[in-house]
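In what follows, every heavy atom counts, from backbone to side chain, and hydrogens, waters and symmetry copies are set aside. Within every chain, numbering begins at 1; the chains are lettered A, B, ... in the order of the sequence lines, protein sequences first and strands thereafter.
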Amino acid sequence: MTQPMVRLSGLYKIFGACDKDVLHHVQDGMGKEELLAQHGHVLGLNNINVDMQAGEITVVMGLSGSGKSTLIRHLNRLIEPTAGEIIVQGEDVMQLSEDGLRHARQEKMSMVFQKFALLPHKTVLKNAGMPLSVRGEDEVTCDREAAKWLDRVGLSGFENHYPAQLSGGMQQRVGIARALTANTPIMLMDEAFSALDPLIRTDMQDLLLELQKELHKTIIFITHDLDEALKLADHLVILKDGFVVQQGEPQHILLNPNDPYIEDFVSDINRARVLRVRSIMTPLVDGKVPKDADGEVDVNDTLESMIARSGGDTSHAYVVKDGEQTVGTLDMTELVRALVPRVASEAGARQS
Amino acid sequence: MAFYDKLFSALGLSDWCGTSDDKAPLSLADLAAQAGGQEASGPLIPIPSFDNLHESCNRVWQSRDVTNGIEEGFLAAKPVLKTVLDPITQPLSWMLDGALWLFEAMPWFIMVPLLVAISWYASRSRPVTIFVAVSIMLLAVVDHYDVAMQTLSIIFVCTTISVLFGVPIGIAMSKSDRLQKSVVPLLDLLQTLPTFVYLIPLIFLFSVTESKLYGIAIILYAIVPVIRLTDLGIRLVDRDVIEAANAFGMNDRQKLMRVQLPLALPNIMAGINQTIMMSLAMVVIASLVSAPGLGVNVLRGIRNLELGVGIVAGIGIVLLAVILDRVSKAALTRVDKTQVKH
């Protein structure tokens, strides 16, 4: 196993004047409400341990107030942690000097913001070239790189507009182009698509996935939208009140939620569209391919497409292929079963 | 007998007070009382002021000792203040005199087109430029061109210095809450102190013949808005944009020059506009301490009851004020527009 791109271990953040003094209460298990009532400090993050692998999209999901925006700001130390380690590419961010930190922000991590945060007095081209000009690159290089990435996000022709002249979706494209121009291995996206309307949001998600396919960046994506999280995530981290409730492969979390909070979340989504064949198939035992299969399907097909294919007939069974290799079988009855959320626990979650 | 005699004797302070051996009249009221042979009748219980207490007890100050004390204290500090302030402020005299000489020495047929060109460059607005040209010609026709230029030269110097000092002070204030907390009361004081009150200590410090006397008075009065609005403008810059600047690793200087100052510019320009208007207001009052310009004519109107002279000069000041305001406002809207284009 290679070293993760970003490793957070034992990360705590308490907002308030004497955060270090009340830390031991939290470490002894005091909750968010108690801490606020008894000590007047707000618990932001509570013992976060997350590894973010290179080339993956790690999605951090949680409702507002769960600490997800606080979490992402720790990676480039826009917020100072109370305790804990932040290791980026094997280097402890906490040990960096002011210059070193600035250097890391310039060279290692770029950021995309919910409210775009573009410079209103600069053109789109200058905005996109900003990360390079901050590093002291000459204007020609900045403009060339900026134009390249603006073109890549579909904004060629708008170089000389001002941000206020563009729609929200286009402004966020500038924000993404700006982060790409920085050419950093890590991209931090703080609710990057939350301010956009649903159709444009889908477009932007597709754009991001498409870019990711060729660029293989390490992306840390914050969202409060489970559909978005499931669509983008290679690794899903679910936060609640500042601690990690569950993390892992999104399909796995969907099928095995370990907390009523997550079951509640998960119960509202379209499982057929999100779940894939690989998550529910029966793995092949001793390489025997069953003879009575009705056809072959890909491991990454969604259940929705399977239902369409079988015409709703639950008696069918399929052979699952990963490329050329046969990896398992899929029984349509299993598929239907997987579509049902765990009803009992769901009721429990509603009550709590 | 004075009202508070009993109080002092009750406190056992009669000996400490001593008797008033000095019967010389100290005020007209005393004199009248002595002459009439009767005590001035006051309210039933006189207010316990220094003067009233002094009547009962010689050891208590009189109120004029307070004013005397302030005066003596100031005069005692004057040599030190003067040795420090004189060399520091001397360049101001040179600048004012130089600007005055320059504005007067420049022939009108160069100066007027130059002013019109500057208005055009600053405002890029045809109506404003035409208005400037017409106003200056109006002033010239009634032979107020020279005094108007004197006033303008003073405003030019004082505003420039106010901006040169005010903007950095405002920036420093925006960076430090402590500094802001300590500077704001001072600014409040400068803004609320009646303008004549500035002049009194300044007259003692500097000679009335020196131009820096009115220069300092004008700058002290006019520098306030540019400081306030620079501070405000920088503090109002969108926090998200500042966060983005941090996230992309800008250092403090880059943040200031590329983000904070450009985004605060509309506010700073509004401050400069106010500074110009306030220095114009003060330059008229400063004519009391030998500031040349239109104010002198207004003063002449008041002193000699020359109604026409005063009113023409007054209208001249209004014209100058409108010119300066329109040009600087037009420049401000232009800056605003380049920021948010729709």
Under 4.5 Å heavy-atom distance to chain A, tell me which part of B:D238 shows up: side chain, backbone, both or neither. neither
Is chain A contacted by the side chain of B:R258, its backbone, both, or neither, given a heavy-atom distance below 4.5 Å? both
Give, as side chain, backbone, both or neither, the part of [X] having an atom under 4.5 angstrom from any heavy atom of chain B.
X	answer
A:R77	neither
A:T184	neither
A:L101	neither

Counting only heavy atoms not in [X], do more than 12 fall under 6.0 Å of its [atom1]?
X	atom1	answer
B:Y121	OH	no
A:F113	CZ	yes
A:E98	CD	no

Any donor-acceptor pair under 3.5 Å from A:R178 side chain to A:N127 backbone: no
Do the charged groups of A:K68 and A:E191 touch, with an N to O distance under 4.0 Å? yes
